[in-house]
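One structure is given below, encoded as structure tokens.
Residues take their numbers from the sequence shown, with the count starting at 1. These numbers come from the heavy atoms of this one structure, side chains and all, not from hydrogens, waters or symmetry mates.
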Amino acid sequence: MSGFGDGYVGTAQDAVKIRRLEKQREAERRKIEELKNKSADGQPGLLQFGSSTSEILETAFKKETVGLVTREQYVEKRVNIRTKIEEEEKEKLQKLQQEEEELQMQKRKKRRVKGDPRLSFCDDIENGSDEDDFENHETQKKNGPLKFGKDPTVETSFLPDREREAEEQAERERLKKQWLREQELIKNEPLSITYSYWDGTGHRRVIQVRKGDTIGEFLRAVQQQLAPEFREVRTTSVENLLYVKEDLIIPHQHSFYELIINKARGKSGPLFHFDVHEDVRTIADATKEKDESHAGKVVERHWYEKNKHIFPASRWEIYDPTKKWERYTIHGD
């Protein structure tokens, strides 16, 4: 910082005050020098530097009354000198007042030249004095920090915005609730399933459940449907019944809605079609998957454990949602 030694440890505000005082002292020093120069050069005028009004009056009066003068001349000259000194003092006071007014006017002009601080793209014109900066700093401390506005032409959509984020969050919640209501409606839709009770031979049946039902709930309904006709089904539990669709054993916790929404596929066809239809294409294309749906099998666990080494049970395996089947192969009832 110019004007200070390397050991200066004051704040920026102290530095501004010091500079302002230095400027004031410099201005006073210049005025003193000017008065001294005028006094030394013998310029006309009665006011002299470093003298009081009475001293100036006495000095001027002595110069004017050298020699013999009458009483009337003595009084007249003294009155004239006093009047002249008073007029010069009045002129000096008026001049000082005029200079002070001009200084205040310049300060106001500098403040008006500064740009509007509410505009984010407007830079202040760097022509203010240190004293103005200090006054602005003090005003800011009293009134709080300046609040900057926004330029409406600037793209700000990428900036954080609490109101916009709150609106987006509310919209997401609304869409989420709407989606959940729609899914509940889908889960309550009726679903007709063609299945075959398999005990070595097929016994095809049709039963109606809801799309949201699990495989376990489906097997409970199947047990009630088959119990009057098959004694082994009547005496077993639902946990001992298996549902085999497209050569995959579907665990009890999975639901039909899950298979449908994920468009799950098995080894020999889709797991989300529960009717029975064949691929009727006249020309076979090995590069395309077959569009066939076979009746799922309901099997008693004891029979499966006894015959799992024999076709078709030898092809069956547990359903794994992460495993993909790209080609459909053997199919049958």
Side-chain angles (χ1 to χ4, degrees), residues 171-199 202-230 233-234 236-280 288-301 304 312-313 315-329 331-333:
E171 180 65 13
R172 284 194 292 268
E173 290 295 331
R174 186 188 67 80
L175 293 175
K176 179 181 178 181
K177 291 179 181 179
Q178 179 181 347
W179 185 83
L180 291 175
R181 286 195 300 268
E182 292 175 355
Q183 300 312 302
E184 285 299 322
L185 292 175
I186 294 174
K187 290 179 181 180
N188 288 321
E189 290 178 358
L191 178 64
S192 183
I193 298 178
T194 301
Y195 72 94
S196 177
Y197 173 61
W198 190 262
D199 58 358
H203 307 277
R204 185 168 292 185
R205 299 286 189 277
V206 178
I207 193 171
Q208 192 173 72
V209 295
R210 297 182 311 115
K211 289 183 179 180
D213 288 346
T214 63
I215 301 301
E217 292 170 335
F218 159 72
L219 291 174
R220 182 173 290 103
V222 167
Q223 183 186 32
Q224 294 175 359
Q225 187 182 47
L226 297 177
E229 186 175 352
F230 299 95
V233 174
R234 184 169 60 249
T236 192
S237 64
V238 173
E239 288 73 18
N240 287 326
L241 293 178
L242 304 178
Y243 177 58
V244 184
K245 175 67 173 169
E246 307 302 342
D247 293 326
L248 295 181
I249 302 173
I250 312 298
H252 289 200
Q253 70 270 17
H254 292 287
S255 66
F256 294 105
Y257 168 81
E258 178 185 340
L259 299 175
I260 294 171
I261 203 71
N262 294 324
K263 294 189 178 298
R265 294 186 176 274
K267 295 172 68 174
S268 55
L271 300 179
F272 53 91
H273 290 161
F274 302 98
D275 58 347
V276 177
H277 63 268
E278 297 181 356
D279 192 331
V280 295
K288 295 183 179 180
E289 295 177 340
K290 294 181 180 180
D291 183 19
E292 295 182 345
S293 178
H294 313 105
K297 297 178 176 63
V298 175
V299 181
E300 203 271 327
R301 188 184 297 273
Y304 170 69
R315 283 182 46 82
W316 300 347
E317 58 183 275
I318 303 296
Y319 167 67
D320 182 2
T322 62
K323 190 172 182 178
K324 307 297 181 183
W325 300 96
E326 297 181 353
R327 293 291 179 267
Y328 304 154
T329 53
H331 43 82
D333 193 13

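- Put simply, the side chain of P321 reaches to within 4.5 Å of the side chain of H254, judged on heavy atoms.
- With Q224 contributing its side chain and A221 its backbone, the two residues share no donor-acceptor pair below 3.5 Å.
- A donor-acceptor pair is defined here as one N or O able to donate and one able to accept, closer than 3.5 Å; such a pair exists between the side chain of Q225 and the backbone of V206.
- Here L175 contributes atom CG and L180 contributes atom CG; the two are 11.0 Å apart, rounded to the nearest 0.5 Å.
- Between the side chain of K245 and the backbone N or O of H273, at least one donor-acceptor pair lies under 3.5 Å.
- Taking CG of L219 as the start and CD of E239 as the end, the distance is 9.5 Å to the nearest 0.5 Å.
- Residue S268 comes nearest to E246 through the heavy atom pair OG-OE1, 2.8 Å, listed as atom of the first residue, atom of the second, then distance.
- Of the possible donor and acceptor atoms, none in the side chain of K211 sits under 3.5 Å from a partner among the backbone N and O of I260.
- One finds the CH2 atom of W316 at 11.5 Å from the CG atom of L248 (value rounded to the nearest 0.5 Å).
- Between the R301 side chain and the L242 main chain, no donor and acceptor come within less than 3.5 Å of each other.
- Residues S196 and G202 share a closest heavy-atom pair of OG-CA, 3.3 Å.
- Contact check for F218 versus I207: side-chain heavy atoms found under the 4.5 Å cut-off.
- Under the side-chain contact (heavy atoms from CB on, under 4.5 Å) criterion, Q223 pairs with V233, T236, V238, L241, not counting sequence neighbours.
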Exercise for the section: Show your working on side-chain contact (heavy atoms from CB on, under 4.5 Å) between Y257 and D213 and close with a plain yes or no. Expected result: CA-CA 7 Å; Y257 168 81; D213 288 346; over 6 Å; no
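- No side-chain heavy atom of R205 sits less than 4.5 Å from a side-chain heavy atom of V298.
- No hydrogens or angles considered: nothing links the side chains of S192 and Q208 as a donor-acceptor pair under 3.5 Å.
- The side-chain heavy atoms of E317 and D247, taken from C-beta on, include no pair separated by under 4.5 Å.
- Here the closest heavy-atom approach between residue P251 and residue Y319 is recorded as CD-CB, 3.9 Å.
- The CD atom of E217 sits 9.5 Å away from atom CZ of F256, with the distance rounded to the nearest 0.5 Å.
- The shortest non-hydrogen separation linking F272 to L259 is CB-O, 3.5 Å.
- Salt-bridge formation is not detected for the pair E184/R181: no Lys NZ or Arg NE/NH1/NH2 atom is positioned less than 4.0 Å from an Asp or Glu carboxylate oxygen.
- Separating the NE2 atom in H252 from the CD1 atom in I215 is a distance of 8.5 Å, to the nearest 0.5 Å.
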Practice task
Starting from the C-alpha separation in whole Å, work towards a yes-or-no answer on salt bridge (charged side-chain N to carboxylate O under 4.0 Å, His left out) for R174 and E171.
Solution key: CA-CA 5 Å; R174 186 188 67 80; E171 180 65 13; 2.7 Å; yes
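- Considering F230, Y195, W198 as possible partners of H203, the one that fulfils the ring pair (Phe, Tyr, Trp, His ring centres under 6.0 Å) test is F230.
- One distance of note links OH of Y243 with OG1 of T214; it measures 12.5 Å at 0.5 Å rounding.
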